[in-house]
Structures are given as structure tokens and as C-alpha cells.
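What you are looking at is a predicted structure, and each value in this text was computed from that prediction instead of being measured. Each chain gets a letter, A, B and so on, in the order its sequence line appears, and its residues count up from 1.
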Amino acid sequence: MTEYVLLIIGAVLVNNFVLTRFLGICPFLGVSKKLPTALGMCGAVVFVMTAAALVTWPLQHLVLEPLGLAYLQTIAFILVIASFVQLVDIAMKKFVPPLHAALGIFLPLITTNCAVLGVSVLNVQLQYGFLKAVVFGFAASLGFSLALIIFTGLREKIDRANPPKAFQGVAIALVTAGLLSLAFMGFAGLVK
Amino acid sequence: MGATIATFRSPGGIHPAYHKDLAAEQAIREMPLPSALIVSMSQHLGKPAIPTVKKGDSVLRGQVIGSPAGFISAAVHAPTSGTVKLVAATPTASGPRADAITIDPDGEDTWIDGITPCPDWRQLEKADIVNRIAAGGISGMGGAGFPTHVKVSPPPETLIDTLILNGAECEPYLTADYRLMLEHAAQIWEGALIIARALDAHTIRVAIEDNKPAAIAAMQAAIPAEAGDAAVVALKTEYPQGAEKQQIFAVTGRTVPAGGLPLSVGVVVENVGTTLAVWDAVVNGRPLTERVTTVTGGSIVQPANVRARLGTTYADLVAFCGGTTGPVAKIISGGPMMGFAQADTSVATTKTTSGLLLLGPDAVHAYESQPCVSCGRCVGVCPMNLMPNELSQFLEAEDYEAAEAYNVMDCMECGCCAFECPAHRPLVQHMRRGKAQVMLNRRKQ
Amino acid sequence: MTPILATSLTIGGAGLACSGLLALAARFLSVEEDPRVEEVTNILPGANCGGCGFAGCANYAEAIIVDNAAINLCAPGGADVLKSLADMLGQTAQAAEHKVAIVLCNGDTANAPRKFEYNGVADCHAAHAIGGGDKLCSYGCLGYASCARVCPVGAIEMTGGIAKVHPDLCISCTACVKACPRQLIKMVPSARTIHVLCSSKDKGPAVKKACKVGCIGCTLCTKQVDDEQIKMEGFLAVVDYAKPLDSDAPIEKCPTHCIVRT
Amino acid sequence: MSDLTIVSSSPHAHSGTSVQRIMLDVIVAMLPALAAAIYFFGWDAVRLVSACVLACVAAEAVARKWMGRDLGVYDLSAVITGMLLAFNLPPSLPTWMAVVGSVFAIVIAKQLFGGIGYNPFNPALAGRVMLLISFPVFMTSWSQWVIPAPIGIDAVTTATPLGLVKTAVLSGGALPFTFNSSTALQLFLGNQNGCIGEVSAAALLLGGLYLLWRRCISWHIPGAYLGTVAIFSGILWLLNPEQNLSPLFHVLAGGLMLGALFMATDMVTSPVTKRGMLVFGAGCGVLTMLIRKWGGYPEGVSFAIILMNAITPLINRATRPRVFGGVKSGKKTS
């Protein structure tokens with residue numbers, strides 16, 4: 001039990017996907033303008049990342065490795081992930097069209113999102129077992145969600161800020177993300 | 001001493017410098033008729049009255065010269081006898097133009113025939129009382145100017161059990177209500193009994209801030225024996241204790257729902273000046289043609305509480321009070337917290353002119369457009385529990401939807417937020433702009 | 001099994017499984033959508049200025065397809081967009097007259113005095129609501145740039161305390177018209193170049209007191225035109241933009257020089 | 001000035017307060033701690049404080065000039081940033097690093113956002129955290145300190161009290177010293193190792209009381225912060241007194257007093273509602289103890305506050321007061 005709690009804390013705080021591993025920056029910057037949109041994105045990412053971990057582990061360990069095809073990892077994983085994202089896209093368009101419109105291009109972009117691929121690849125690299133891999137995928141998506149929600153709050157403040165012209169828009173958002181990342185360094189060492 | 005009832009603590013509030021000493025000890029002075037009176041048709045909340053006289057007509061004091069334009073409106077009467085010199089759109093103290101009737105007084109000050117006193121008002125039916133109030137053209141004299149006959153005739157299914165006389169006079173500088181309570185306590189109480197009868201209210205409370213012990217004592221001493229459950233309540237001195245919702249909470253512990261009326265919690269609040277006018281209209285049969293205005297401020301030679309005819313120009317009031325000392329930087333109609341700044345003294349008094357304030361350059365506070373530093377003081381002092389910091393930033397960005405979601409429409413423009421703002425942001429002005437725009441957007445839908 | 005075969009089978013199998021899943025999803029979760037809406041959206045310039053009366057280009061596109069809205073409402077798009085839309089939808093193009101915004105006030109700081117010192121939010125609506133605005137003239141441009149702030153293309157410049165529209169930059173979106181609390185901005189045909197730069201409905205003496213270049217209602221200009229191209233509305237001379245006017249006579253005769261050629 | 005009257009929206013009265021006056025009060029409140037810093041660390045304190053203040057003010061002036069804005073240094077906020085940053089530096093830090101931290105604090109963490117009021121993070125803390133991550137060795141080199149011991153056997157160390165505890169706990173050893181009333185008094189007065197401005201809880205408390213008296217801060221943030229740390233550490237202490245020091249130690253040691261009274265209360269980066277302030281303070285407390293007890297750094301005050309800075313907008317949103325007369329679960333829009 002403790003092991004899993006530590007795994008979650010580690011993935012959420014210490015090695016936060018966005019702020020420490022710098023994965024998934026694109027949707028992090030893209031959909032952090034309004035809280036409702038960001039929350040929708042969080043839901044989508046949680047689903048895709050958990051599902052990706054759930055499916056890529058067996059794919060890796062039951063198909064690719066026994067067949068000696070580990071070199072196909074990237075392409076096979078992307079195939080699976082892309083399908084899941086497409087599924088989310090179709091489902092969202094059907095059930096929550098406003099959110100679908102608000103997320104726009106960023107929804108399909110999860111397809112090639114390094115955070116999702118990152119989870120799958122890290123699961124292999126860190127040699128996690130199946131359950132651990134799924135928990136890690138879920139926790140990583142929680143970490144992404146945490147970072148995205150915090151950043152959205154900040155974004156609403158800095159959107160009212162008054163930066164010099166050269167820094168308006170994404171530039172100042174990146175500066176803020178940098179400072180936030182600096183703050184997350186404080187969790188270093190919390191979990192070995 | 002008078003304070004008999006425990007008071008409740010409403011949220012927010014500030015403690016400005018009161019400056020009441022300037023005029024508090026000045027007994028009410030009668031002002032002689034000025035050379036011209038400019039009587040606005042927009043003396044009350046609601047639709048302006050419709051002029052019923054034209055240029056060249058001669059009028060008598062108390063004659064109706066403006067008839068109410070609808071239910072929420074009030075009649076306007078000639079403040080003296082004389083000749084109508086002009087009927088034209090004229091700027092009001094709050095800015096927009098409204099029709100105004102200029103009267104050249106003949107000096108006779110003759111009352112119109114048909115003024116019928118009714119000392120035996122206890123025999124009157126409720127409807128008769130309301131009619132006499134409506135005929136008197138009475139509207140709230142504390143500031144907003146809500147027509148009184150509307151206030152005292154609530155829908156039949158509404159039960160009103162409490163009448164609150166508002167003698168808080170929480171605006172700095174102003175002392176008109178204070179003087180009225182000192183000099184006319186008995187008449188105010190009789191007016192209160194009349195209103196209570198019209199409302200069937202069995203409880204009467206007079207709410208006075210505890211920085212006016214003399215007024216509390218005077219009103220306490222004058223409680224009539226027939227009054228039943230009547231008492232004077234000493235409120236903690238804090239702005240805005242005179243605001244209706246806050247006062248109802250402080251006196252009764254009842255909370256008026258946001259966007260609702262005091263009626264919904266069984267309470268009616270009347271200003272003490274209005275109550276005196278009701279007494280005059282019902283007992284003496286005289287319509288509202290004059291009021292007491294505090295003329296004060298550092299630039300006035302002799303600050304005073306002046307009983308002047310409605311339509312007296314500010315220039316005449318200032319001249320009556322000895323003129324000005326040194327340069328005048330700001331002319332304010334009303335108190336410093338909610339009054340309207342004027343470009344000059346050409347505007348004339350109305351039923352709602354509680355004060356005229358002239359400030360020198362050193363007493364003027366300048367607004368700046370500094371960024372908000374999120375100190376949160378405005379949030380702490382807002383009596384409506386709003387977040388003026390957030391609201392003003394939404395409104396700067398013209399995000400009216402967000403402002404509406406943050407309850408901008410509940411702002412009553414009391415000014416506590418801007419008073420406390422260390423960045424000197426014009427918060428109230430943002431709110432006003434926001435409220436106007438939200439109203440506009442709602443109407444469009 | 002050769003590596004190539006294994007690879008093909010694995011990836012192909014996985015792909016097949018995924019596509020089956022997606023096919024099912026598409027079958028049961030699909031949403032009907034008129035593809036023309038997107039096409040129209042792509043044709044529109046994407047300025048989202050709102051000049052057509054809809055919230056944005058996408059909304060206008062939807063209105064064109066679903067509600068049969070007129071296709072000539074997009075001013076920024078001009079003739080090109082109109083033509084593309086007409087071609088696509090098989091409608092005939094009826095070009096709307098090209099109009100530009102103009103601020104009908106010339107009372108700059110030098111010409112129109114102030115009646116008090118305004119201290120507050122630098123916004124025309126806010127200033128207008130306080131004591132009726134700080135300009136002596138209650139009709140003139142307050143100069144707090146509310147129109148310039150809403151202009152999506154920066155075509156409005158504040159000079160000498162009043163707003164000026166650069167006609168060649170204006171995209172006819174009418175955002176400024178809606179933003180002016182004093183309704184000073186009008187859309188006029190860009191072909192018309194003679195204007196009465198005053199909106200004061202006051203009588204002559206009052207205008208004279210408030211502004212050096214205001215229309216005092218002397219009616220001289222109306223006598224210089226042959227077809228009521230300038231006519232009086234109360235005490236204000238107004239150009240009738242429906243009629244062509246190209247004569248310098250009214251300009252020369254105007255005693256307060258409030259008629260100008262742009 | 002023209003002879004026209006001035007017309008503005010109501011209210012026409014003002015309390016007379018200003019941003020500059022509040023900043024001046026904060027500077028006055030920091031003077032006791034500055035005096036203590038000079039008393040304990042002598043020349044180094046003078047050197048660091050003047051370097052940081054000068055660098056901050058100069059950076060602010062130059063940055064604003066570049067941005068084409070008015071100078072803006074008169075609101076004194078840059079002076080406070082400089083003083084706070086210096087207070088958060090170890091005495092032996094090279095001057096140039098202090099200057100780098102100051103420039104980072106003012107230019108990156110403040111002026112890039114548009115200056116005072118717009119910065120999401122406390123600039124001084126951002127500067128300190130940046131220095132801590134960039135120059136960890138310099139930022140954790142302390143002067144010598146004689147551990148006050150009741151029995152008279154004083155040990156000399158070059159670590160902070162919290163540092164000693166962390167080392168001991170990480171190596172699985174026993175607590176490095178006993179904490180009793182005399183140690184507590186020493187810590188309270190300022191006889192401990194640490195950053196120059198954080199050592200003397202007494203001097204900081206004096207300044208904090210001044211700020212409370214001047215209504216520059218309310219009790220909510222420091223109260224919730226110190227209270228949460230005390231409760232958190234109290235529970236740990238009751239569970240296992242062998243491995244944990246008493247709540248009093250945690251309240252007096254390290255940068256907590258400085259953080260709770262001067263940095264968490266920075267009005268720009270903390271919530272505006274009273275309930276929000278309590279949440280903010282409690283969050284700071286929990287994060288501080290989390291890092292002190294289980295984190296890689298011996299002290300967590302800076303990280304805790306800067307992390308809470310990050311969620312301040314969310315706290316403000318969540319703790320919006322209910323409008324007077326509003327219904328409990330009011331209709332939610334947006």
C-alpha cells in the first residue's frame with residue numbers, strides 16, 4: 001500500500017510530468033485559459049493516460065517482447081494512443097460539444113502528446129509491473145491535471161497583468177511556468 | 001440612556017473622519033425666499049413628474065406643478081407663489097437632464113386654497129393616510145428618494161411588523177437629520193405613528209448612531225405613550241449603518257435577500273426627515289415644499305443647517321451661508337461618501353438634497369489608475385460581501401459576464417471599497433459603469 | 001517467422017483492432033454536421049469583428065447555412081469574400097456599399113473647452129455618466145478613447161483630445177459606432193468626402209459658447225446645395241449621404257468651419 | 001492647475017492610506033530584524049542588505065525605463081524585496097550572487113509581469129529559490145554556531161538547527177541536541193545559525209506586532225501558518241518524541257517566523273478573503289512541515305509559500321464570500 005501511495009506522491013509532486021519532467025507542455029499552455037476548459041482537458045488526459053498505460057503494458061510485455069519486437073515500441077504505442085484519443089474525440093463531440101469546441105486542436109494533439117507516450121515508455125523503462133504501471137499512468141495524469149489546474153488559476157491572473165509588449169501572451173505564460181517549476185523543486189527528495 | 005436594544009453586526013463598514021462638528025451645533029436656520037427657484041421634475045426615484053404649468057402661469061405655494069408619471073413617481077408642488085418664468089430641460093445634481101420649472105417668487109408666499117389640516121388623523125382610514133402622503137408629493141429624503149406613498153402601501157398579502165426610522169445619518173459632514181431629531185422629536189414620533197398605522201406595524205424602532213447621544217436622548221424622551229412597542233436603538237458608529245439592508249440587519253437581525261426589498265422581511269425603513277414631512281402632509285395638510293439641507297465643508301464661511309425651499313440654487317445656499325473661503329476645488333451635492341460632484345453651483349436643491357459640501361483643494365482626494373495590489377481591504381469593508389478588487393478588474397477588461405457572476409448588481413455604491421483602497425482606484429465608478437452595462441445587456445436579451 | 005512478417009502482423013493486427021473500435025464508435029457516437037459551415041468559415045476572413053451582427057465568423061457561417069442569412073454582411077472581407085461565398089452557395093452577389101466610420105465632432109482641446117476637471121476612469125462611458133461628461137458641449141467627443149480601444153485594426157487615432165478614424169484602415173465593422181456613448185460615430189459611404197463635423201443639437205448661442213467649430217444652425221450651407229444634400233435637423237446641419245455632393249461652396253460659406261472635406 | 005472644479009465619482013473621501021505608506025510600514029517593521037541581523041552577523045549583514053536593496057531598486061528603475069514606463073520605485077516595494085531577499089541569504093554568500101538574485105527577483109519575477117500588483121509570486125522568494133537551486137552549496141554554508149546546551153558542554157557546528165535535525169534523521173541517528181527552555185530562549189532571541197534576517201524570532205515578532213497594529217496585515221495568515229506548523233509538529237512529537245522535536249522548536253527555528261510574518265503576508269501574492277487567508281496559511285504550514293520532515297531540503301518555508309502563491313488565484317476563487325442576503329447555494333454562473 002505504502003509503495004503505491006509513494007508512487008502516486010512521486011508522480012504527482014516530486015516528478016510532476018509537466019513541471020519537473022517537462023512533458024505535455026503543449027496542452028499545458030494551450031488550454032489553460034479558462035478553468036472549465038482546463039477541467040475538461042484534465043478529464044480527457046486522465047482517461048487517455050490511464051487507458052494508454054493499461055493497454056501498452058500488455059502490448060509491450062505480452063506481444064512485443066515475446067516476439068522480440070521491442071524496437072517497435074514507439075510506433076505501436078502511438079498507434080494505440082492515437083486510437084484512444086480519436087475515441088475520446090468522437091465521444092466528446094457527441095456528449096459535450098461545447099467542451100469539444102473549446103478544446104479545439106488541443107484534443108487531437110494529445111495523440112502526439114509526449115506525456116502520454118512518456119507514461120508508456122517510462123513504465124517499460126522503470127520495469128513496473130502491470131498494476132504499478134496502471135497506477136503510475138493514473139498518477140501521472142493526476143500530476144498533469146494538478147499542474148494544469150494550478151496554472152489555469154495563475155493564467156487568469158497573468159492575463160490581467162501588464163507585461164511589456166515583447167512578453168505578452170505565451171511568453172509571460174512560459175515565464176510563469178518556469179517560476180512554478182522552480183517552486184515544485186521544493187518537493188525534491190520527498191520520495192526517493 | 002436610550003439604547004435599549006442589542007444591535008447586530010452587519011458585515012464590512014468603515015470609520016471615516018466625520019467632520020460633523022462643523023454644523024452639528026447650528027440650529028436650523030430659515031432661509032428667506034431667493035430671487036428664483038428652479039424646481040426639477042426629477043426629485044425622486046422613478047419617472048420624472050410631468051410639468052402641468054407653462055411659461056407665464058402664476059402659481060401658488062403648494063400648487064401641483066408636476067403630476068406623477070406612473071406608479072413609481074411623485075407629485076411636485078410649487079415651493080412658493082409667483083410666476084413661471086421657464087420650463088426647460090436642466091441638468092440635475094446626478095448628471096442627466098430633466099425638465100425643470102423656474103419660478104419667479106412674488107414675495108407673498110401665498111398658500112393655495114384647500115390646505116386642510118387633519119389633527120385627528122387617528123380617525124383616517126389607511127388609504128386616506130396613503131392618499132394624503134401621495135398628495136403631499138413625499139419621497140425619501142435620505143438619498144435615494146423612493147416615493148413614500150408607494151413604500152407605505154405594500155401589497156396586501158405582505159405583513160409588515162416593524163417600522164424603522166432611519167436617523168443614523170452615517171454620511172460624514174451631514175447634520176440635517178440630527179438637527180431635526182433635536183428640534184422636532186415630537187413631530188417625528190407622531191409622523192412615525194401615522195406611518196405605522198398605515199402599515200399596521202406594531203413595532204417602531206428609531207435607529208441612531210451612538211455618536212449622536214443628544215439625538216438619542218431627545219428621541220428617547222419624546223416616545224409617545226400611545227406608541228406601544230417603540231424604542232430608540234443606538235447603533236455602533238460605522239459607515240454605512242444608514243444603508244437600508246445593513247440597518248435592518250443591525251436593528252432586527254433579519255437579512256434582506258440579495259436583490260430583494262425590505263418588505264420581504266416585514267420591515268419598512270423611513271428617514272426621519274421623510275417622517276417629519278409625512279407628519280406635515282397628514283396633520284397640517286401641507287405638501288412638501290421645503291427641506292433642511294446641511295451646507296458645510298471647509299470652504300463654507302458659516303456652515304449651517306438650512307431650511308430652504310425646494311429649487312433653491314446651490315449658489316443661493318452658499319451665499320446665505322456667508323460665501324466661501326479661498327478656492328473651491330470640489331462641490332458635492334449630498335455627503336462625501338455617496339454625493340454627486342458638481343461642475344458649478346447652478347444646480348438647485350430637490351427633495352433628496354441632504355447636504356451641500358464645498359471642499360478646498362487640500363481636502364480633495366484624487367483617484368489614480370494604479371494596479372490593484374490585492375490587499376483585500378475592499379473585500380473586508382464591503383457591506384454587501386462583494387469582491388471589488390476582482391470586479392474592478394473584470395470591468396477594466398470589460399468582462400461584464402464575469403462581473404455579473406460576481407454580483408456587481410448587488411453593489412449599492414456606498415464607497416467603502418474606494419475609501420480604503422491604497423492604490424486609489426476608482427472602484428465605485430467601475431461598479432457604476434458595470435451596473436449600467438449589465439442592465440443594458442439584460443434589457444437587450 | 002521472419003521479422004518482417006511478425007512486424008506486419010503485429011502492427012497490422014493492432015491497427016485492425018483499433019480501427020474496429022473506432023468504426024464502432026463512429027457508428028454509434030457520430031454527430032451530423034453540415035460540412036458547408038466549415039467551408040464558409042474558412043472563406044470568411046476570421047477577424048471575428050462582429051460587424052455582421054453575429055458573435056464571430058463561425059457564428060455568421062452557421063447563420064448563412066442554417067438560417068439563410070444574407071451573404072453580403074461581411075464588411076472586412078469585401079468583394080473577394082462575397083464573390084467566393086456567392087460562388088460556393090450559388091447565390092448572386094449583391095455587394096453592399098462600402099462604408100467607413102467617421103467621428104462627427106471636431107471639437108478638439110483647442111476648440112472646445114472643458115467644464116470641469118474630470119478625475120476617474122479613462123473611459124468615455126464612465127466619463128459621460130459623471131456630471132454629463134467634462135466637456136462644455138454635451139454632444140462632443142470626450143476623448144477617452146473607448147472607440148479606439150474596441151477598434152480591431154487600430155484605425156482610430158486620438159489627436160488633440162478627440163478621436164479620428166483613418167478611412168483607409170477602417171474595415172467597416174461598426175464596433176466603434178456601438179462603443180461611443182454619445183453616438184458620434186456614423187458609418188458613411190467611403191465615396192463621400194464632405195462632412196459636417198458636429199453633432200450638437202443645441203441652439204446657436206449655446207453651441208458658440210461650448211465650441212469654436214460647432215454647427216450654429218445658421219443654415220447657410222443648406223442654401224449652397226441644389227438637392228438638399230445638406231439639410232437642417234433642428235439646429236444641426238446634416239449631410240444626406242445618399243446624395244452625391246462635391247462642391248466646395250458649403251465649406252467656404254460655413255462661418256464656424258465645421259464643414260470639411262476629408 | 002486650472003481653476004475648474006474637480007468632478008469625480010463618489011466617494012469623495014478617502015482613508016488617506018496609500019501603497020507607499022503600507023510599504024513604508026513594512027520597512028519600519030523589518031528594522032528590528034535588521035538590527036538583530038547586524039548584531040549577530042555584523043558586516044556581512046550590512047553588505048548583503050545594502051547590496052540587495054541597491055540592486056533591487058536599480059533593477060526596478062532600469063527595467064521600467066526599458067519598458068518605457070514611469071520609474072515606479074517610489075512605492076518602495078523594491079526596497080522591501082531587497083531587504084526580504086537579503087534576510088533570506090546566508091551571511092557568507094558572495095555579493096555578486098546576492099545581486100544576481102535581486103535582479104532575478106525584480107526583473108523576472110516582478111517587472112516582466114508589469115510591476116507591482118501583477119506578479120503571481122513573491123519576488124524575494126522567487127529570487128531566493130532561484131539562488132538555492134542554482135548555488136546550493138553557497139546557499140547552505142553557514143557561520144559557526146555554538147549549540148546552547150544546559151549542561152555546559154557546548155558543541156560547535158556549521159549547520160542550522162533544522163539542518164542538524166535533517167542530517168540526523170536521514171542518517172537514522174538520534175536527535176542532535178535536546179531542546180529545552182534555555183535552547184528555546186536562545187532560538188527566540190536569535191542565537192542560532194541561519195539566514196541573516198531569520199534568526200531572531202523576537203525581533204521579527206516585534207515587527208509583526210507593529211504590522212498588525214498598523215493594520216498592514218491581519219492575523220489570519222501568520223496565525224494559520226504558525227498554528228498549523230505547531231499542530232503538525234505537535235502530532236509528530238507526541239507520536240514519536242525520539243525522532244521529532246517539539247512544536248516550539250519548529251515554530252522558532254529556521255525561516256518560519258520571517259516567512260509567516262513578512263513573506264506569506266505579502267498582499268499581492270496572498271488571498272484577499274479572510275477565509276482564503278486561513279486556507280493559505282494552513283497550506284503553507286502543511287507544506288513547510290512536509291518538506292521539513294520528509295523533503296530533501298532541511299527548510300521548507302520558501303518553497304511552501306511560493307507554492308501557495310501559485311494557488312492563490314484558485315483560493316480566491318474558491319473562497320469568494322457569499323453576498324449579503326445571498327442564498328447559500330446561490331445560482332452558479334460561469
Tell me, for [X] versus chain D, whether the close heavy atoms (under 4.5 Å) come from the side chain, the backbone, both or neither.
X        : answer
B:Pro257 : both
B:Val364 : side chain
B:Cys375 : both
B:Tyr173 : neither

Is the shortest side-chain heavy-atom distance between [X] and [Y] below 4.5 Å?
X        : Y        : result
B:Met387 : D:Arg317 : no
D:Ser10  : B:Arg432 : yes
D:Phe324 : B:Pro383 : no

- Item | Reported CD-to-CZ distance for the pair B:Glu390 and D:Arg320, which is rounded to 0.5 angstrom | 9.0 Å
- Message: If I take atom CZ from residue B:Arg377 and atom CZ from residue D:Arg215, how far apart are they, to the nearest 0.5 angstrom?
- Response: 6.0 Å
- Query: Listed by chain and number, what are the salt bridge (Lys or Arg N to Asp or Glu O under 4.0 Å) partners of B:Glu398, not counting sequence neighbours?
  - Reply: none
With a 4.5 angstrom heavy-atom cut-off, could you sort out which part of [X] is near chain B: side chain, backbone, both or neither?
X        : result
D:Thr269 : neither
D:Ile116 : both
D:Arg21  : neither

Heavy atoms only, distances under 4.5 angstrom: which of [options] has the most pairs with chain D? Name it, please.
options                               : result
B:Met338, B:Glu413, B:Met384          : B:Met384
B:Val379, B:Leu386, B:Ile332          : B:Ile332
B:Leu357, B:Ile14, B:Val328, B:Asn389 : B:Asn389

Has the side chain of [X] got a donor or acceptor atom that lies under 3.5 Å from a matching backbone atom of [Y]?
X        : Y        : value
D:Ser15  : B:Phe419 : yes
B:Asn385 : D:Pro321 : no
D:Thr5   : B:Lys330 : no
B:His424 : D:Thr17  : yes

- Query: Where do D:Val7 and B:Gln342 come nearest, in terms of heavy atoms and distance?
  - Reply: CG2-O, 3.5 Å
- Might you point out which heavy atoms bring B:Ala341 and D:Ser8 nearest each other, and give the distance in Å? CB-O, 3.7 Å
- Message: Heavy-atom pairs under 4.5 Å with chain B - which of D:Val268, D:Asp75, D:Thr273, D:Asp266 has more of them than the others?
- Response: D:Val268
- Note on the structure: For B:Tyr367, the ring pair (Phe, Tyr, Trp, His ring centres under 6.0 Å) test, sequence neighbours excluded, returns B:His365
- Criterion side chain to side chain contact (heavy atoms under 4.5 Å, CB included) against D:Val272, the qualifying member of B:Pro388, B:Ser374, B:Cys378: B:Ser374
- Counting only heavy atoms not in D:Arg69, do more than 12 fall under 6.0 Å of its CZ? yes
